[in-house]
Amino acid sequence: MKAIRVHRHGGPEVLAYEEVDIGRPGPGEVRVRNRAVGLNFVDTYFRTGAYAPPALPFTPGNEGAGEVVEVGAGVEGFAPGDRVAYVGTLGAYAEERIVPAHFLVRLPDAIGFETGAAMMLKGLTAQFLLRRTFRVGAGHTVLMHAAAGGVGLILTQWAKHLGATVIGTVGSPEKAVLARRNGCDHVIEYRREDFAARVREITGGEGCDVVYDGIGRATFPASLDCLRPFGTFVSFGAASGPIEPFDIMLLMRKGSLFATWQLLFQHLAKREDVLAMSKDLFGVVATGAVTVPVHARLPLAEAAEAHRRLEARQTTGATVLLP
C-alpha cells in the first residue's frame, strides 16, 4: 500500500511517496480504503515541525472519506463496504489507513467522497466556531479572515444561513469574487485596504460581534479593533505565524473583549459530540445551505505540489488528494 511519509521536518520535498504496511485494525479500530483525502494548512505545520507529530516518520493528514475494509474487535455500527468519512489523528495521506471508530461517521449517500473528504476537518471546525464557541444568529455581524479559504467558504455560507451579516477579508480580486458568491455581504482586500478601518466604516463605528481569525500574527492585534465592546476574538490558526504573547490588559483597553483559541479535537473528545456535530454539518450540506467547493484535485503522489500551492496562497476552497 502506498502512503506519504515524512522522515524529517522541512519543506514540501520531505513528503515521500512510498510503500508501507499498516497491518490489521485492533480493538475499536476500522481499516478504511480512502477514496479522497482532504488537504489542510495544519498539514504543513506538522510537516515543518511547527506542530510536533507523535514520532518520526509519520503520515500527514487528518481527514478523508472512503469505504470500510475491515473492522476490529468491539466495533459496532460499521461493516465492510460502508461509505464513511472521518476526521481524526494523523495518517490520512494514504491509500488505506486505520481509523479509531470514535472519529468515524457514515457518509450520507447524497454526499460524494471528494466532498466528504473536504468537509470533515474544515466543516467541523466551522461548526464549533459558529455553534459552540460563539453561537451566531440573526442580527450578529461576523468578520471572517481568509474568507475564500477552505474554512472561510464554509463558515461564511453557514453564518449567512444563520442570519448573520458577514464581512470577509481576502488577498486578491479573484478571491473577493469567490467570497461574495459564498455569502459575504462585504469583502475587504487586505493587501490594499486597512481592514480594521473598513470594518468600522461598514459597521458605522459599532464593530463586529465576533472575529474568526485563522491568520494569526499578521492580523493581530488589528482584529481586536474590529470588535464592539464585549465582542469575541476567536483564533483558530496561524497561517502567517503564531500570535506573539501579549498583555491580557490589552483586551480591557480594546473594549473589555473576550478572546479564545479552541481545538477541534477537544470538542470531539466524546463520541456523542462527534455524531451530533457531524449530523449538524451534514444537515446544512444536504439542504444546500452550505456547499463545499472542491477547487483542485491532485494525485496522492503529488502531495508535495499540493503543499507548495497551499503555502503560496494559490488555493481557494478545498483541495483533495486522490489515492
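Just so we're clear, the structure is a prediction, and the values are computed from it rather than from any experiment.
By the 30° and 60° cut-offs, the orientation of the rings of Phe134 relative to His140 is perpendicular. Using bins of under 30°, 30° to 60° and over 60° for the plane-to-plane angle, the ring pair Phe246/Phe220 lands in the tilted bin.
In terms of heavy atoms, Lys254 sits closest to Leu257 at CB-CD1, 3.5 Å. Shortest non-hydrogen contact noted between Gly171 and Arg191 is O-NH1, 2.5 Å. Contact detail for Pro53 and His9: the closest heavy-atom pair is CD-CE1, 3.6 Å. Minimum interatomic distance between Ala101 and Val30 (heavy atoms only, all atoms of both residues): CB-CG2, 4.2 Å.
Met144 pairs in a side-chain contact (heavy atoms from CB on, under 4.5 Å) with only one of the listed residues (Val211, Asp213, Val151), which is Val151. When the options Val285, Val136, Asp280 are evaluated for a side-chain contact (heavy atoms from CB on, under 4.5 Å) with Trp158, the one that passes is Asp280. Considering Leu143, Ile167, Thr141 in turn, Ile167 is the only one that fulfils the side-chain contact (heavy atoms from CB on, under 4.5 Å) rule with Ile202.
The environment of Arg24 atom CZ is sparse: at most 12 non-hydrogen atoms of other residues, nucleotides or ligands sit within 6.0 angstrom. Counting heavy atoms of neighbouring residues, nucleotides and ligands inside a 6.0 Å radius, atom CZ of Arg217 exceeds 12 of them. Atom CD of Glu76 sits in a sparse spot, with 12 or fewer heavy atoms from other residues, nucleotides or ligands closer than 6.0 Å.
Judged purely by distance below 3.5 Å, without hydrogens or angles, the side chains of His7 and Glu18 pair a donor atom with an acceptor atom.
Using a 4.0 Å cut-off between charged nitrogen and carboxylate oxygen, Glu67 and Arg83 do not count as a salt-bridge pair. Classification of Arg180 and Asp185 as a salt-bridged pair fails, no side-chain N sitting under 4.0 Å from a carboxylate O. Between Lys122 and Glu63 there is a salt bridge, since at least one side-chain N of the basic residue sits less than 4.0 Å from a carboxylate O of the acidic one. No salt bridge links Glu95 with Lys2; every basic N to acidic carboxylate O contact stays at or beyond 4.0 Å.
The aromatic ring centroids of Phe46 and Tyr51 lie less than 6.0 Å from each other.
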### Query
When you look at Asn34 and Glu96, which way does the side chain to side chain donor-acceptor pair (under 3.5 Å) test go after all the steps?
CA-CA 5 Å; Asn34 285 325; Glu96 296 186 7; over 6 Å; no
